[in-house]
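Quick notes on the structure that follows.
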Amino acid sequence: MGFFDFLTEEIAIDLGTANTLIIHNDKVVVDSPSIVALDRSTGKVRAVGKEAAMMQGKTHENIKTIRPLKDGVIADFAASEEMINRFIKDIPALKKKWIKPAMRMVICIPSGITEVEMRAVRESAERVNGKEVYLIHEPMAAAIGIGVDIMQPKGNMIVDIGGGTTEIAVIALGGIVCDKSVKIAGDVFTNDIIYYMRTQHNLYVGERTAEKVKIQIGAATEDLETPPEEMSVQGRDLLTGKPKQVQISYREIAKALDKSILRIEDGVMETLSQTPPELAADIYNTGIYLAGGGSMLRGLDKRLSQKTDLPVYIAEDPLRAVVRGTGITLKNLERYKSVLIK
Ligand SMILES: Nc1ncnc2c1ncn2[C@@H]1O[C@H](COP(=O)(O)OP(=O)(O)O)[C@@H](O)[C@H]1O
Ligand SMILES: [Mg+2]
């Protein structure tokens, strides 16, 4: 903390595979898809976030949309830097400033990213005036955001089901004791639905339609207590080539997603089996916490609970648990110093 500290702005960033969120002055000021639209001929960024998402699946030969962090690794460094840059520039309170403020940032990154990628994120942040840049691992930020006291000598299990990856971790004493990153999450669920519609109904649907189906009637089990109503799904008939509509029930989606959910269950079971016994004893009492957009899939909590014989809790506002935790870390840097990535 120095003399010019009043000139420093503080921001917390959750750089997710599907969504990027930013907290500034205790408020979520950015909540946008991690998508970039690029001009194919010049390679220039045409749009990011929501604007780029609108173009998805509707681009022509001059524009393509990419998700630079799609699988939890950085596929395109330049595009991700430009994306972060534009998101930060778009923060309303910072736009008004006549001098570019120095920034103190905590950035949450997917656990799967490598040292080289981490350095790239840090350097990108420094280039957008990040004078103090700290990185934090996703399960850690999720745990803090959920309200778990991570500093205690007590084991807690966090499962964060995002877009590209599911991060499973056991946390105690401010550290990750064992963890696993599975490349099965929301995106795979969406693709499962596309595949199911194609093979079972000869219906070719786009990614946006499949995502809508997932959110509206998606389920992890075929016996929901309060089932959603059937949904009409439109796409292109693969046989006739004509536009067509079919009625779909949540049971069909549960079938479509079953194999992928099994893989997440396996990941959880494997992590549990690697957990030291004293921490396993804690988890027996504390249960499993779910975060991330994928945790909102109907019946997933119940299914995981049946599989593990443990209580399973979904975080409040699971899409924002990670950015909440990142924001709390930012405001309590001294306390959380040890959990930041060195
Ligand atoms: N109600 C819902 N039911 C099922 N999946 C959802 C729901 N809402 C969002 N999702 C999915 O959650 C994923 C995004 O979650 P998020 O935690 O933002 O991911 P990331 O942290 O990787 O950016 C997307 O795949 C999205 O389709
Ligand atoms: Mg996330």
Side-chain angles (χ1 to χ4, degrees), residues 16-19 33 57 142 146 157-168 180 182-235 244-272 287-322:
T17 66
N19 297 297
I146 288 166
M157 180 178 246
I158 313 290
V159 180
D160 179 351
I161 308 168
T165 59
T166 293
E167 313 281 345
I168 306 161
K180 200 171 166 58
V182 186
K183 283 200 163 56
I184 304 274
D187 293 335
V188 172
F189 297 162
T190 303
N191 282 330
D192 288 340
I193 293 173
I194 294 175
Y195 180 79
Y196 180 89
M197 299 306 283
R198 195 172 69 215
T199 50
Q200 300 299 310
H201 295 281
N202 285 315
L203 188 71
Y204 188 24
V205 299
E207 216 167 281
R208 294 224 278 174
T209 300
E211 165 123 3
K212 245 200 265 167
V213 172
K214 177 178 73 178
I215 290 171
Q216 202 170 320
I217 60 167
T221 128
E222 286 187 55
D223 52 351
L224 287 180
E225 271 161 36
T226 44
E229 268 178 46
E230 285 200 348
M231 176 179 177
S232 336
V233 181
Q234 296 92 14
K244 142 172 131 169
Q245 166 171 309
V246 295
Q247 286 293 110
I248 302 292
S249 81
Y250 84 91
R251 283 205 174 80
E252 286 186 81
I253 304 303
K255 275 198 199 87
L257 303 184
D258 185 55
K259 276 211 185 81
S260 297
I261 291 162
L262 258 173
R263 302 258 315 262
I264 293 178
E265 281 180 343
D266 288 346
V268 171
M269 294 305 287
E270 216 179 298
T271 311
L272 282 173
I288 300 175
Y289 294 96
L290 302 185
S295 70
M296 292 193 282
L297 196 70
R298 290 171 192 75
L300 183 61
D301 51 342
K302 206 171 128 195
R303 180 161 164 179
L304 280 175
S305 175
Q306 274 163 0
K307 177 80 185 186
T308 57
D309 288 318
L310 293 169
V312 174
Y313 309 99
I314 303 174
E316 189 187 325
D317 200 356
L319 281 161
R320 292 189 167 185
V322 167

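This one's a predicted model, so the numbers in the text were calculated from it and none came from an experiment.
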Review point. Counting distance only, does the side-chain N/O of Thr271 pair as donor-acceptor with the main-chain N or O of Gly267 below 3.5 Å?
Key: yes
Exercise for review: Return yes if some donor-acceptor pair links the side-chain N/O of Lys214 with the main-chain N/O of Gly186 below 3.5 Å, else return no.
Suggested key: yes
Point to revise | Spatial distance of atom CD1 (Ile288) from atom NZ (Lys307) [nearest 0.5 Å] | key: 12.0 Å
Review point. Going by atom types only, do Ser232 and Gln247 share a side-chain donor-acceptor pair under 3.5 Å?
Key: yes
Check your understanding: Does a side-chain heavy-atom distance below 4.5 Å link Lys244 with Gln234?
Key -> no
Point to revise | Side chains of Val268 and Met157 in contact at under 4.5 Å (non-hydrogen atoms) | key: yes
Check your understanding: So how far is it from Asn202 CG to Met197 CE, rounded to the nearest 0.5 Å?
Key -> 10.5 Å
Practice item. Could you point out which residue of Val182, Leu300, Ile261 forms a side-chain contact (heavy atoms from CB on, under 4.5 Å) with Ile161? Key: Leu300
Review point. According to the salt bridge (charged side-chain N to carboxylate O under 4.0 Å, His left out) rule, which pairs have a member within residues 187-203, sequence neighbours left out?
Key: Arg67-Asp187
Study note, to complete from the structure: Interatomic distance, CD@Gln200 vs CD1@Ile193, rounded to 0.5 Å, equals 13.5 Å
**Study point:** Separation between OH of Tyr250 and CG of Leu224, rounded to the nearest 0.5 Å
**Key:** 4.5 Å
Exercise for review: For the pair Arg298 (side chain) and Gln216 (backbone), establish whether a donor and an acceptor sit closer than 3.5 Å, ignoring hydrogens and angles.
Suggested key: yes
Check your understanding: Between Asp160 and Thr166, is any pair of side-chain heavy atoms under 4.5 Å apart?
Key -> no
Review point. Where the side chain of Thr209 meets the backbone of Val205, is there a donor-acceptor pair that is under 3.5 Å apart?
Key: no
Check your understanding: Looking at Val188 and Ser260, what are the two nearest heavy atoms and their distance?
Key -> CG1-OG, 3.4 Å
Check your understanding: Any donor-acceptor pair under 3.5 Å linking the side chain of Thr221 with the backbone of Gly299?
Key -> no
Point to revise | Check: Phe189 and Glu211 side chains under 4.5 Å, non-hydrogen atoms | key: no
Point to revise | Residues Lys180 and Glu167 bridged, charged N to O under 4.0 Å | key: no
Check your understanding: Do Gln306 and Lys302 have side chains that get closer than 4.5 Å, going by heavy atoms?
Key -> yes
Check your understanding: Below 4.5 Å, heavy atoms only, C-beta onward: do Leu304 and Glu265 meet side chain to side chain?
Key -> yes
Review point. Between Asp258 and Arg303, is there a side-chain N and carboxylate O pair less than 4.0 Å apart?
Key: yes
